There are 2 protein chains.
Amino acid sequence: MKVTFKGDYALKAVLDLALHYNKELVTGHDLAQRIDAPIKFLEQVLLDLKKGGFVESRRGNIGGYLLSKAPVQITVGEIIRFIEGPTEPISCVRESYSNCTDIHRCVFKKIWQRVSQATSDIIDNVTFEDLVSQVNAGRQVLAYSI
Amino acid sequence: MKVTFKGDYALKAVLDLALHYNKELVTGHDLAQRIDAPIKFLEQVLLDLKKGGFVESRRGNIGGYLLSKAPVQITVGEIIRFIEGPTEPISCVRESYSNCTDIHRCVFKKIWQRVSQATSDIIDNVTFEDLVSQVNAGRQVLAYSI
DNA sequence: GTATACTCTACTTTGTCAATAGGAATTATA
DNA sequence: TATAATTCCTATTGACAAAGTAGAGTATAC
C-alpha cells in the first residue's frame, strides 16, 4: 500500500468533516486551511469523495461540505481504497502473478496476499468515529496539562 | 509498501540464485530468461544487489552470479527494503507526520506505524531458504500428480 | 586472441503525482 | 436583481520516478 498526498488529504478532510458531523457545514476554504492543503487540489479530492458517496455538498453562499454518513459508518480502509486503489503491494495485473502457474513466482504471491490481508485487518477496523474519539481524548489531555 | 518491477525482479533473481546455491554459477542471460526480465535491466538490478552484499559475481567466460550468503541468512524484507526503500505506506519526510504536534494528523501516523509493523512482521520472517523449500515441495506435488 | 560474460554510464520514454488556472453554475442575502 | 460566496468541471503544467534501451569498457577461460 502506498498513500499519496491525495489520499492523505482525503483522510484528513473526512476526519475534519467527522469532527463537524451534525454541527455545521465546512467550507473548502476552511477545510484547506485546517488540513494545510492547496484549496484547488482539495476541491478535486472533495469532488471525488462526493462521487464515492462519502461526502455531500451545498453550493452557493454559506455552502460547504458535510459527511453523507455517520463517522461510525466510514472506515479508513474505505477511503484509502477509493482514492488509492487496491492495497496490495504488487499489482495483480502483472500477468506472472494473476496467472500463477510457475512455482518460482507463486511463492511471492502468497507473501503479498498475507501483507495485503494484514493491512486490511488494520485499516478496515478503524472508523472515523474511533479517530474522533482519539482526537477528543487528546484534546482533554492537552487541556489538563495546561 | 509498494513493489516495483525492479523489486520484483530482484526477489525472483535472489530466489533463482538460492535454488542454485552451492551448485553452479548462473549467468545473467539464463537468469533473465527464467524470471522473464529484460537482461540489460536485470544487470543493473544485479549490480545493485552486489553493492548491497547479497550477490557476488565472476566475470569472463563461464562467469555468472551467485549468492554471497546462504539462503537462510537472507530475508525477503532485506531485499525489499534495499531495493525499494522504507516500507511505510506514507513518507515520514512529510513534515506533518515527522513533526506530529497536531492531533488531527497524529491519529493517522499511528495507523501507518501499525501497518508498517504488520508488514515487517511478515517480510522479515521469510527467508529464501523457506522459499526454496516451498518451491521444492511444489515440485514434488507436481511430480506425483503426473 | 577470441568468445563469453559482467561493469558502468548515459539516455529515452512513459506515466503519475501534485499543483495550478480559469471559468461555469448555484445560492443566500442586501 | 445585483453581488458575493461557494461548489463544480476541465485543461494544463512541471517535476519526478519507473522501466527499459544502448553501447562501450573490462575481465577471464580456453
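Letters A, B, ... are given to chains in the order of the sequence lines, protein chains preceding strands, and every chain is numbered from 1. Everything numeric in this text was worked out from a predicted model, so none of it was measured.
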For this session: Would you mind building the protein contact string for nucleotides 22-30 of chain D? One character per nucleotide, 5' to 3', B for base within reach (heavy atoms under 4.0 Å), S for sugar-phosphate only, - for untouched.
Result: BBBBBBBB-
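Within the structure, side-chain hydrogen bond (donor to acceptor under 3.5 Å, both in side chains) contacts touching residues 121-130 of chain B (residues at least two apart or in different chains) are Arg81(B)-Asp124(B), Gln117(B)-Asp121(B), Thr127(B)-Asp130(B). Sequence neighbours left out, the pairs with a member in residues 53-70 of chain A that pass side-chain hydrogen bond (donor to acceptor under 3.5 Å, both in side chains) are Lys50(A)-Ser57(A).
In this structure, Ile74(B) CD1 and Tyr21(B) OH are separated by 8.0 Å, a value rounded to the nearest 0.5 Å. A distance of 11.5 Å separates CG of Asp8(A) from CD1 of Ile83(A), quoted to the nearest 0.5 Å.
With salt bridges taken as basic N to acidic carboxylate O contacts below 4.0 Å, none links Lys12(A) and Asp36(A).
Separating the CG atom of Asp30(B) from the P atom of dA5(C) is a distance of 8 Å, rounded to the nearest angstrom. In this structure, Leu42(A) places its CG atom 16 Å from P of dC9(D), rounding to the nearest Å. Residue Glu24(B) contributes atom CD, which lies 19 Å from atom P of dT4(C) at whole-angstrom precision. Between the CD1 atom of Ile83(A) and the P atom of dT16(C) there is a distance of 16 Å, given to the nearest Å. Across the protein-nucleic acid pair, Lys2(A) atom NZ and dA18(D) atom C1' stand 11 Å apart, rounded to whole Å. In this structure, Phe41(A) places its CZ atom 16 Å from C1' of dC9(D), rounding to the nearest Å. A straight line from CD1 of Ile39(A) to C1' of dT7(D) spans 10 Å, rounded to a whole angstrom. Summarising the geometry, the separation between CG on Leu66(B) and P on dA5(C) is reported as 16 Å, rounded to the nearest angstrom.
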Report each atom pair, protein N/O against N/O of nucleotides 13-15 of chain D, whose distance is under 3.5 angstrom.
none

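Between Ser57(B) and dT7(C), a side-chain N or O to OP1/OP2 separation shorter than 4.0 Å is present. Contact between the side-chain N/O atoms of Tyr65(B) and the OP1/OP2 oxygens of dT7(C) is found at a separation under 4.0 Å. OP1 or OP2 of dA19(C) has at least one side-chain nitrogen or oxygen of Tyr9(A) nearer than 4.0 Å. Side-chain N/O atoms of Thr4(A) include one lying less than 4.0 angstrom from OP1 or OP2 on dA18(C).
For the side chain to side chain contact (heavy atoms under 4.5 Å, CB included) with Leu19(B), the qualifying choice from Val26(B), Val132(B), Leu67(B) is Val132(B), the only one to do so.
For Lys51(B) against Phe82(B), the heavy-atom pair with the smallest separation is C-CZ, 4.4 Å. Among all heavy-atom pairs drawn from Leu42(B) and Gly28(B), the shortest one is CD2-O, 4.0 Å. In this structure, Leu11(A) and Phe128(A) approach most closely via the heavy-atom pair O-CE2, 3.6 Å. In terms of heavy-atom proximity, Leu46(B) sits nearest to Ala13(B) at CD2-CB, 4.3 Å.
Asp30(A) pairs by the salt bridge (charged side-chain N to carboxylate O under 4.0 Å, His left out) definition with nothing, not counting sequence neighbours.
Within the 4.5 Å cutoff, the side chain of Val115(A) has heavy atoms near those of the Met1(B) side chain.
Of the residues in residues 46-55 of chain B, none lies under 4.0 Å from DNA chain D by heavy-atom distance.
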